[in-house]
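Just follow the structure's listing: the first ligand is 1, and inside any ligand the first atom is 1.
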Amino acid sequence: MFISECLKLNEQNHLEIGGCDTLALAAEYGTPLYVMDEGLIKKYAKIYTDAITKYYHGNGMILYASKAFCTVYMAKLIKACGLGLDVVSGGELYTALKADFPTDKIYFHGNNKTMEELKLAIDNRVGRIVVDNLFELDMLDALAQEAGIVQDILFRIKPGIDAHTHDFVMTGQIDSKFGVALETGEAFNIIAYANKLLNVKVVGVHCHIGSQIFDLAPFTEAARVMMHFIGDLKDKLNLEIEELNLGGGFGIKYIDEHDPVAYDCYIASVSEVVKNEAILRGVKLPKILMEPGRSIVAPAGITLYTVGAVKEIPSIRKYVSVDGGMCDNPRYMMYQSPYDAVLANKANAPKTELVTIAGKCCESGDLIQKDILMPKIAVGDTLAVLATGAYNYSMSSNYNRIPRPAVVMVENGQSKVIVKRESYEDILKNDL
Ligand SMILES: *Cc1c(COP(=O)(O)O)cnc(C)c1O
């Protein structure tokens, strides 16, 4: 009945998540409130790790892309699930360190890592650094030399596949701020150069072709192109690549019309291509890494709001305003992302009218969703916006000096706060 399997209708006709009544959660912790079902996060993490075992003899690792939802609790949970971690900044790395995440299973990405960030990574013996460009490579080699280590690195490659469009195309991708291009020879040249440096060791190549992708083809095509490149590196440089990291970007169901591929299918199809290409190209089978972010956490999360002002502009639009908005979910504002919503206190009421759900920030564009079919909504109702587990809390802000909501984790009818609600004092804490 609902888009995510962690949601149910209970006997009071309230929306339930992870066995907890959302009305009770809103009453206990206040709104706006992020709620996440831990059971579902664990389930999805396991689907991915099991698929590596089943389709690729366990010769690989799933890295959770922490930028989707990054907190100390989440890093501990991912550690317990046995996944590795992808971080893209000093702040995400620091969060992982505070969670005692095994640093050899951390991959550090980013197109403009600073010297301080690279030092933090080296000092803590981060397993892999995914190098983006020549400037970073030289800086990293010098820092590794100073520290007296040889750092294992991968290179971020632009494979020339743009999967952001619905029908993916093989051009255009060269115009990206991330990585080095294959078709111009840039990628080959930088690896040839790195191969001669003394304090970095090239162990792998990486690509990430987009996000919220629903097709298998862009991934299998990326795997094929990357294996071809691995063959070139062996032929021309006698360099054996040990790791092939194919990034994340697996699509999820935000609304009914979305029809994502089952998560293990990605790994099944990619494994097939990699095995075949390894034989064709005469290279050894690389370890496969994949980096799902959104698909592990988004379906597990919802955001609860309290409805305030309801404003009907005759024959134009009905605005339903909630006690949060772009400050806790900027995704409609940034990308016009579709979301589904449920009236949590009347979760079985028929959807009868088109409304626009607005936030409380001082921006006309501060909407959660435009023209969405909802039951009749009244002041004081509790509204649940669904599939907000990824890129909501992690992209939130204090715009208008609005404190961030708390994050509550639920599982089997139990709930606990994993991130406290911000106070006005928290907002002032760095003001002098
Ligand atoms: C964002 C990102 C991911 C995760 O993408 P999702 O769409 O959340 O799965 C993985 N790898 C890299 C390098 C990224 O930048």
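You'll find the ring centres of F219 and F250 inside the 6.0 Å limit.
Of all heavy-atom pairs spanning D366 and M326, the tightest one is OD1-N, 2.7 Å. Of all heavy-atom pairs spanning V273 and A223, the tightest one is CG1-CB, 4.0 Å.
Of all atoms in ligand 1, listed by their number and element, those nearer than 4.0 Å to a heavy atom of H109 are 13 (C). Distances below 4.0 Å separate heavy atoms of E291 from the following atoms of ligand 1: 3 (C), 4 (C), 9 (O), 10 (C), 11 (N), 12 (C), 13 (C). Atoms of ligand 1 lying under 4.0 Å from any heavy atom of H206, numbered from 1 in the order shown and given with element: 13 (C). Close approach to Y391 involves these atoms of ligand 1, each under 4.0 Å from a residue heavy atom: 1 (C), 4 (C), 5 (O), 6 (P), 8 (O).
In summary, of the residues considered (K287, K234, K201), a salt bridge (charged side-chain N to carboxylate O under 4.0 Å, His left out) with E242 occurs for K201 alone.
Residue-to-ligand polar distances keep P292 apart from ligand 1: every N/O pair is separated by 3.5 Å or more.
Taking the six-membered ring for Trp and thresholds of 30 and 60 degrees, H109 and H206 have ring planes inclined between 30 and 60 degrees apart.
Only the side chain of A65 comes within 4.0 Å of ligand 1, judged by heavy-atom distances. Only the side chain of D86 comes within contact range of ligand 1, with a heavy atom under 4.0 Å; no backbone atom does. Contact annotation: for R294 versus ligand 1, heavy atoms closer than 4.0 Å belong to both the backbone and the side chain.
Not close to ligand 1: S295, with no non-hydrogen atom less than 4.0 angstrom away. Note on ligand 1: F178 sits outside its first shell, no heavy atom being nearer than 4.0 Å.
With respect to atom 1 (C) of ligand 1, the closest heavy atom belonging to the protein is K67 NZ, 1.3 Å. Closest protein heavy atom to atom 7 (O) of ligand 1: S211 OG, 2.3 Å. If you check which protein heavy atom lies closest to atom 5 (O) of ligand 1, you get H208 CE1, 3.5 Å.
The environment of CD in Q336 is crowded: more than 12 heavy-atom neighbours from other residues, nucleotides or ligands sit within 6.0 Å. Heavy-atom contacts from other residues, nucleotides or ligands closer than 6.0 Å to OH of Y29 number more than 12. No more than 12 heavy atoms of other residues, nucleotides or ligands lie within 6.0 Å of NZ in K420, so this atom counts as exposed by the packing criterion. Heavy-atom contacts from other residues, nucleotides or ligands closer than 6.0 Å to NZ of K42 number more than 12.
Summarising the contacts of atom 9 (O) of ligand 1 with G251, G249, A298, the nearest heavy atom is found in G249.
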